[in-house]
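Down below is the structure, laid out as structure tokens.
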Amino acid sequence: KAGVTQTPRYLIKTRGQQVTLSCSPISGHRSVSWYQQTPGQGLQFLFEYFSETQRNKGNFPGRFSGRQFSNSRSEMNVSTLELGDSALYLCASRPVAGGPEQFFGPGTRLTVL
Amino acid sequence: GNSVTQMEGPVTLSEEAFLTINCTYTATGYPSLFWYVQYPGEGLQLLLKATKADDKGSNKGFEATYRKETTSFHLEKGSVQVSDSAVYFCALRNTGNQFYFGTGTSLTVIP
């Protein structure tokens, strides 16, 4: 069974631009969560989607948004990029919302110049 | 609220040394506790878990015991190998099924 895939793996953007990251969960998994990982802050929860609906949201500004499609693939969008948005963005899937275990993708490394 | 605190790194050990990475948590109710490992360039992988007090999770020689009285879930391994070099994250899943992660502890094992 293929794991969680994220595209692209690396991105370089400049301040003020916007970016879209993509996540394909494990086949059959319907819940997708997004995390931002930075040195010193660890993993911070962005949001979770299940059946195309946002179920939980972390404490991030409205510039961070997401959506989920009917095939459970999810996208995350960050608008008006800031230098502090440079991070590794991780996606995790689980079979159902609130399922006991998360499976992580390799992440997308975003660098904002 | 919910939070996880783990010991700051980086930790550097010689091969075959004993490893302890401390983790304490704050949570309402009865959370499940996890250790995840992240190898360079990869996402997080579940290492072990414990779902109730006094449970011991174990995998690949690593162990951690869910201690409710001390709100701790310390990771231990009796003899580390070079291949154990990675970043280790302690995490909890609360009764609302949300995950909270510690900041990670980097481990380097030298031959």
* Asked: Is there a side-chain contact between A:F104 and B:Q38 (heavy atoms, below 4.5 Å)?
  -> no

Single-linkage hydrophobic cluster, 4.5 Å side-chain cutoff, [X] and [Y] together:
{"X": "B:L107", "Y": "B:I110", "answer": "no"}
{"X": "A:L81", "Y": "A:L83", "answer": "yes"}
{"X": "A:W34", "Y": "A:V78", "answer": "yes"}
{"X": "A:L110", "Y": "A:F47", "answer": "yes"}

* **B:Y36 OH to A:Q102 CD distance, which is reported to the nearest 0.5 Å** =>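 One gets 5.0 Å once the value is rounded to the nearest 0.5 Å.
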
* **Separation of A:E48 CD from B:Q98 CD (nearest 0.5 Å)** => 7.5 Å

* **Enclosure of B:E15 CD (heavy-atom neighbours >12, cutoff 6.0 Å)** => yes

* Asked: For atom CZ of A:F69, is the number of surrounding heavy atoms from other residues, nucleotides or ligands below 6.0 Å larger than 12?
  -> yes

* Compute the centroid of each ring, for A:Y35 and then for B:F101, and state whether the two points are separated by less than 6.0 Å. => yes

* Asked: Which residue out of B:L44, B:V4, B:T103 racks up the most heavy-atom pairs below 4.5 Å with chain A?
  -> B:L44

* Please look at B:F89 and chain A and tell me whether the side chain, the backbone, both or neither of the residue comes under 4.5 angstrom of a heavy atom of that chain. =>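 Just the side chain, heavy atoms under 4.5 Å.
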
* Checking A:L43 against chain B: side chain, backbone, both or neither under 4.5 Å from a heavy atom? ->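 Its backbone and side chain both get close to chain B.
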
* Just give me the residue among A:R109, A:Q37, A:Q6 that pairs up with chain B most often, heavy atom to heavy atom, under 4.5 Å. =>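 The residue among A:R109, A:Q37, A:Q6 with the greatest pair count is A:Q37.
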
